[in-house]
Asks: 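I have a structure here, written as structure tokens, and I will follow up with some questions on it.
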Amino acid sequence: MSETKHVFPNERMKRVKMSGGIREILSKAEQMEREGRSIIHMEIGRPDFDSPQCAKDRVVWALNNGQVHYTDMGGTQELREEISKKYCRENNMKVDPVKNVVVTAGGAMEALSATMLTLCNPGDEVIVPVPYFSAYADVLAICGLNIVPVEPREGSLEPSAKNIERAITQKTAAILINTPNNPSGTVFSKKCLEEIAEVAQRRDIWVVSDECYEKFLYDGVHISIASLPGMENRTVTVASASKTWSMTGWRVGWIIAPEQMRPFVNKCHQNLVTCANAFAQAGVAEAFRSADADVKEMVSEYRRRRDMVLNYIKNTDGLSLDIPQGAFYAFPLVDKIKDGTLTGFEFCEKLLEEAGVSAVPGDVFGMPGHIRLAYCREYEYIEEGMKRVKKFVESL
Ligand code: PMP
């Protein structure tokens, strides 16, 4: 058979980086492990806890009780009701299970892709404050959109509404924000969100708010930008069960969309994936009802780890950081990268090869100079990682 005349990659995939991301760093670290090296994984943001027992039991029940078919495209009524109750009760939002909620089959990732495909036209620009979750760049590229990274406020890791406004052009469709933030752990203040909301309204653009880590708060409060005055009809909130209940493999997420947009995003979702897994939805609905204690326990353990990681960083010459108030990442500034001795990639490569710690350079998140350390493994394991990081940085 002759070879196809179509040349890969196509225009869409040409814009997606095929190497150098978190997954590639993880693969390299795993390969070194297979070769017998002792590696501490601080690269990947995958919670280490089991999913709540009540959710797992409910899945078994659902499987044995006929929940094995397609559900409503937008999610089971049961789960949509739990989601809307939670947002009304905790996030100060008005959310109707039928008019506003779509349950997704690929966690927050599908929620983001379906949202972007629904809101934006090909070639539109999406403003994303740095540092940002690395997959945003790929999702936007795959949707045919252009990412416009904007620098944070001077001396802070919080977005700057002024910088966001300066980046707006005729082609700007949306601003994509994420609080608590991956990779920095920053929790955006009410003032910061109010300023972004003011710009979005005055300049008439959408806000997409990724709130995957909202339960992981050590200081401060979580505010949904959709709850601020005038934002209800121009904000899409995306989140998932992945981090909250340590359910990354369940792949259930959701979109809270304004009423006028919901039918369109639901149609988009329907044609991408049909609907979310029926029995997984039953388990997630149970987690909403009965797993608060599990979340509390996890958050208290993450806080213990955060405090330990912070302590090591504070006591390491050559590292400095803003205190992460949420999520499970520390994002220290590294003097030897900042002063140009090493690039972020060179630093992380040496850290992996010489000290056996796998971390991600800030470059991957649009913010060179920093590295991201994920503390979502056991306390003692992370402490061993931090001892190695300290020794390595101080030996440079
Ligand atoms: N948004 C952010 C900020 C994330 O960190 C992640 C996962 N690392 C996701 C979205 C995607 O999560 P999921 O698809 O598992 O819900």
Side-chain angles (χ1 to χ4, degrees), residues 21-26 41-49 51 55 75 79 83 101-116 126 128-140 142-143 147 149 157 159 174-188 207-217 222 224-225 236-256 269 272-273 276-277 280-281 283-284 287-288 295 302 324-331 359-360 362 364-367 372-377:
I22 301 168
R23 288 273 155 191
E24 288 77 30
I25 292 166
L26 174 67
H41 291 280
M42 296 185 78
E43 76 288 84
I44 191 148
R46 200 208 71 174
D48 58 318
F49 297 95
S51 304
L79 178 52
I83 293 170
V101 182
V102 175
V103 177
T104 63
M109 291 309 295
E110 194 227 288
L112 282 165
S113 328
T115 298
M116 291 303 172
V126 177
V128 186
V130 301
Y132 57 79
F133 173 41
S134 45
Y136 291 170
D138 291 352
V139 167
L140 294 176
I142 290 169
C143 294
I147 183 167
L157 291 172
I175 311 168
L176 170 54
I177 60 170
N178 167 223
T179 179
N181 185 261
N182 173 11
S184 71
T186 308
V187 174
F188 300 175
V207 174
V208 179
S209 182
D210 177 344
E211 302 181 15
C212 278
Y213 294 95
E214 71 156 279
K215 291 286 177 187
F216 299 90
L217 277 187
H222 174 74
S224 290
I225 193 166
V236 182
T237 305
V238 301
S240 75
S242 293
K243 308 291 153 90
T244 303
W245 297 294
S246 204
M247 286 178 157
T248 48
W250 294 52
R251 309 308 305 134
V252 175
W254 48 89
I255 300 166
I256 315 286
H269 154 80
L272 286 171
V273 298
N277 173 304
Q281 291 187 68
V284 173
F288 269 104
V295 177
Y302 281 124
Q325 304 151 299
F328 36 62
Y329 307 102
F331 196 57
V360 187
V364 168
F365 310 101
M367 199 166 197
R372 188 188 78 170
L373 298 166
Y375 51 87
C376 38
R377 300 247 180 167

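Predicted model only: the values in this text are computed from it and were never measured. Ligands are counted one by one from 1 in listed order, and the atoms in each one are counted from 1 as well.
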Asks: Is it true that Asn178 lies under 4.0 Å from ligand 1, counting heavy atoms only?
Replies: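 Yes, Asn178 has heavy atoms under 4.0 Å from ligand 1.
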Asks: Which of parallel (below 30°), tilted (30 to 60°) and perpendicular (above 60°) describes Tyr329 and Tyr213?
Replies: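 The arrangement is perpendicular - the two ring planes meet at more than 60°.
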Asks: Look at ligand 1 and say whether Glu110 reaches it with a heavy atom at a distance under 4.0 Å.
Replies: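 Outside the 4.0 Å threshold, so no.
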Asks: At a 4.0 Å threshold, what atoms of ligand 1 neighbour a non-hydrogen atom of Asn182?
Replies: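 Checking each atom against Asn182, I get 3 (C), 4 (C), 5 (O).
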Asks: Answer yes or no: is there a donor N or O on one side and an acceptor on the other, between the side chain of Gln281 and the main chain of Leu79, under 3.5 Å?
Replies: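 Here the side-chain-to-backbone pair does not exist.
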Asks: What distance do Arg372 atom CZ and Ser184 atom OG have between them, rounded to the nearest 0.5 Å?
Replies: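 Nearest 0.5 Å value for the CZ-OG distance: 10.5 Å.
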Asks: For Cys212, counting its heavy atoms only, list the atoms of ligand 1 lying under 4.0 Å from any of them.
Replies: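 The atoms of ligand 1 under 4.0 Å from a heavy atom of Cys212 are 1 (N), 10 (C).
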Asks: Please round to the nearest 0.5 Å and tell me the distance separating atom CG of Asp138 and atom CE of Met109.
Replies: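 Reported value, rounded in 0.5 Å steps: 8.0 Å.
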Asks: Which ligand 1 atoms are under 4.0 Å away from a heavy-atom of Gly107?
Replies: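 Counting from 1, the qualifying ligand atoms are 14 (O), 16 (O).
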Asks: If you round to the nearest 0.5 Å, how far is SG of Cys376 from CD1 of Ile44?
Replies: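 Those atoms lie 8.5 Å apart.
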Asks: Roughly how far apart are Thr248 OG1 and Arg46 CZ, rounded to 0.5 Å?
Replies: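 Reported value, rounded in 0.5 Å steps: 6.0 Å.
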Asks: Which label fits Tyr136 and Tyr132: parallel for a plane angle under 30°, tilted from 30 to 60°, or perpendicular past 60°?
Replies: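 The arrangement is parallel - the two ring planes meet at less than 30°.
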Asks: Short list, please: which atoms of ligand 1 are under 4.0 Å from a heavy atom of Ser242?
Replies: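 Once the distances to Ser242 are compared, the set is 13 (P), 15 (O), 16 (O).
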Asks: Taking atom 5 (O) of ligand 1 as the point of reference, which of Phe133, Tyr329, Tyr132, Tyr213 owns the nearest heavy atom?
Replies: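 Comparing heavy atoms across Phe133, Tyr329, Tyr132, Tyr213, the nearest one to atom 5 (O) of ligand 1 lies in Tyr213.
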Asks: Can you check which of Arg251, Met109, Glu211, Lys243 brings a heavy atom nearest to atom 11 (C) of ligand 1?
Replies: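 Nearest heavy atom to atom 11 (C) of ligand 1 lies in Met109.
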Asks: Could you check whether any heavy atom of Gly253 sits closer than 4.0 Å to an atom of ligand 1, since that is the contact criterion I want to use?
Replies: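 False for this residue.
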Asks: Give me the nearest non-hydrogen protein atom to atom 10 (C) of ligand 1 as residue plus atom name, then the distance to 0.1 Å.
Replies: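 Here the nearest protein heavy atom works out to Asp210 OD2, 3.4 Å.
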Asks: Backbone or side chain, does any N or O of Ser240 fall under 3.5 Å from an N or O of ligand 1?
Replies: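 The answer is yes, given that Ser240 and ligand 1 share an N or O pair closer than 3.5 Å.
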Asks: Identify, by atom number and element, the atoms of ligand 1 in contact range of Gly106, meaning under 4.0 Å from any of its heavy atoms.
Replies: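 Going through ligand 1 atom by atom, the ones under 4.0 Å from Gly106 are 14 (O).
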Asks: List the closest protein heavy-atom neighbour of atom 12 (O) of ligand 1: residue, atom name, distance to the nearest 0.1 Å.
Replies: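 The answer is Ala108 CB, 4.1 Å.
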Asks: Drop me the distance from Ile255's CD1 to Thr115's OG1, to the nearest 0.5 angstrom.
Replies: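 Separation between the atoms: 4.0 Å.
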Asks: To the nearest 0.5 Å, what is the distance between CZ on Phe288 and OG1 on Thr244?
Replies: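 It comes to 7.5 Å.
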